[in-house]
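All remarks here apply to the structure that follows.
Just so we're clear, the structure is a prediction, and the values are computed from it rather than from any experiment. Note that these values count all heavy atoms, side chains included, but never hydrogens, waters or copies made by symmetry.
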Amino acid sequence: MSGSQLWDDVDFYFTSHLSPDDEALQAALRDSEAAALPHANVTANQGKFLQLLAQIQDARRILEIGTLGGYSTIWLGRALPADGRLISLEYSAKHAEIATRNIARAGLEKVVEVRVGPALESLPKLADENPAPFDLVFIDADKVNNPNYVEWALRLTRTGSLIVVDNVVRGGRVLDAESDEPDVVGTRAAIELIAAHPRLSGTAIQTVGSKGYDGFAMIRVLP
């Protein structure tokens, strides 16, 4: 059995027992596939992991940067109380339209809002609203801007908030200090920012599975 096949089989085993997709989640994936959206959504077990993190945080306010088809948004939204709030920022109007339908079908339209436009334009507008601090921020957008997104996440959170950055391993390419690939450059800059910032304490975890070899960073906001 090849390594990748083994990863797939282990993912299936854990997912089928611990984080099975229901109809709303399956429909979100089907609609995303039918619309030819990028295959960049989290896996089911990663979605459940994000949901558990939000629940452990007792999150009432979540910010997501990068909605895609709304699959991760549904997992996160389901962790919120009835009066909770999730704001998800999506660059593409097409993606946002599909995500909004998927979110409504999951019954989360009252707690989730998708805002359309470049995140680096949406984030200052959000800050101008002087919102209550977010308890959890999930960053899964264009990787070149990861350091900018981490900086904005810090501005919009509180002591004790959790920031999660997806896709930080990039198949091991994160090791290449000479790389000029935007996703690698952005990821390395974000890791170096986390390491140096006095108000951030973080780590990164490598993952393997049906989406290949990657990983995520987890950061706690300090006083």
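- Residues in residues 24-66 take part in these ring pair (Phe, Tyr, Trp, His ring centres under 6.0 Å) pairs, two or more places apart or across chains: F49-F216.
- The pair E129-R115 meets the salt-bridge criterion, since a charged nitrogen lies less than 4.0 angstrom from a carboxylate oxygen.
- At a cut-off of 3.5 Å, with distance as the only test, a side-chain donor of Q5 or D9 sits close to an acceptor on the other residue.
- In this structure the side chain of V42 reaches within 4.5 angstrom of the side chain of D166, judged on heavy atoms.
- Between the side chains of S72 and E64, at least one donor N or O lies within less than 3.5 Å of an accepting N or O.
- If you check the side chains of Y149 and D142, you find a donor sitting under 3.5 Å from an acceptor.
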Output, in order, the C-alpha distance, side-chain angles, deciding distance and verdict of side chain to side chain contact (heavy atoms under 4.5 Å, CB included) for V185 and K143. CA-CA 8 Å; V185 172; K143 311 309 174 187; over 6 Å; no
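- Looking at L120 and N145, their side chains come closer than 4.5 Å, going by heavy atoms from C-beta outward.
- Counting only heavy atoms from C-beta outward, the side chains of Q51 and S19 never approach each other to under 4.5 Å.
- Taking 4.5 Å as the limit, some side-chain heavy atom of F138 sits within range of a side-chain heavy atom of L76.
- In this structure, G172 and Y213 approach most closely via the heavy-atom pair N-CE2, 3.7 Å.
- Of the possible donor and acceptor atoms, none in the side chain of R78 sits under 3.5 Å from a partner among the backbone N and O of W75.
- Listed here is the closest heavy atom pair of A44 and T15: CB-CG2, 3.5 Å.
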Tell me, with the steps shown, if R101 and E97 meet salt bridge (Lys or Arg N to Asp or Glu O under 4.0 Å). CA-CA 6 Å; R101 289 201 304 266; E97 180 182 357; 3.5 Å; yes
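- The shortest non-hydrogen separation linking A40 to K211 is C-NZ, 4.2 Å.
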For ring-ring contact (aromatic ring centres under 6.0 Å, His included), just list the numbers for H95 and Y91, CA-CA rounded to whole Å, side-chain angles, deciding distance to a tenth of an Å, and then say yes or no. CA-CA 8 Å; H95 297 177; Y91 176 84; 8.7 Å; no
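- Considering all non-hydrogen atoms of both residues, T187 and N167 come closest at OG1-O, 4.1 Å.
- Considering only residues two or more places apart in sequence or on other chains, R158 meets the side-chain hydrogen bond (donor to acceptor under 3.5 Å, both in side chains) condition with D135.
- Taking a 6.0 Å sphere around NZ of K110, one finds it holds 12 or fewer heavy atoms contributed by other residues, nucleotides or ligands.
- Considering all non-hydrogen atoms of both residues, R105 and A28 come closest at NH2-N, 3.8 Å.
- Counting non-hydrogen atoms of other residues, nucleotides and ligands closer than 6.0 Å to CZ of R30 gives a total above 12.
- Nearest heavy atom pair, residue L162 against residue M218, reads CD1-CE, 4.2 Å.
- Here the side chains of V112 and L80 are not in contact, with every heavy-atom distance at 4.5 Å or above.
- T100 is linked by a side chain to side chain contact (heavy atoms under 4.5 Å, CB included) to V114, counting only residues two or more places apart in sequence or in another chain.
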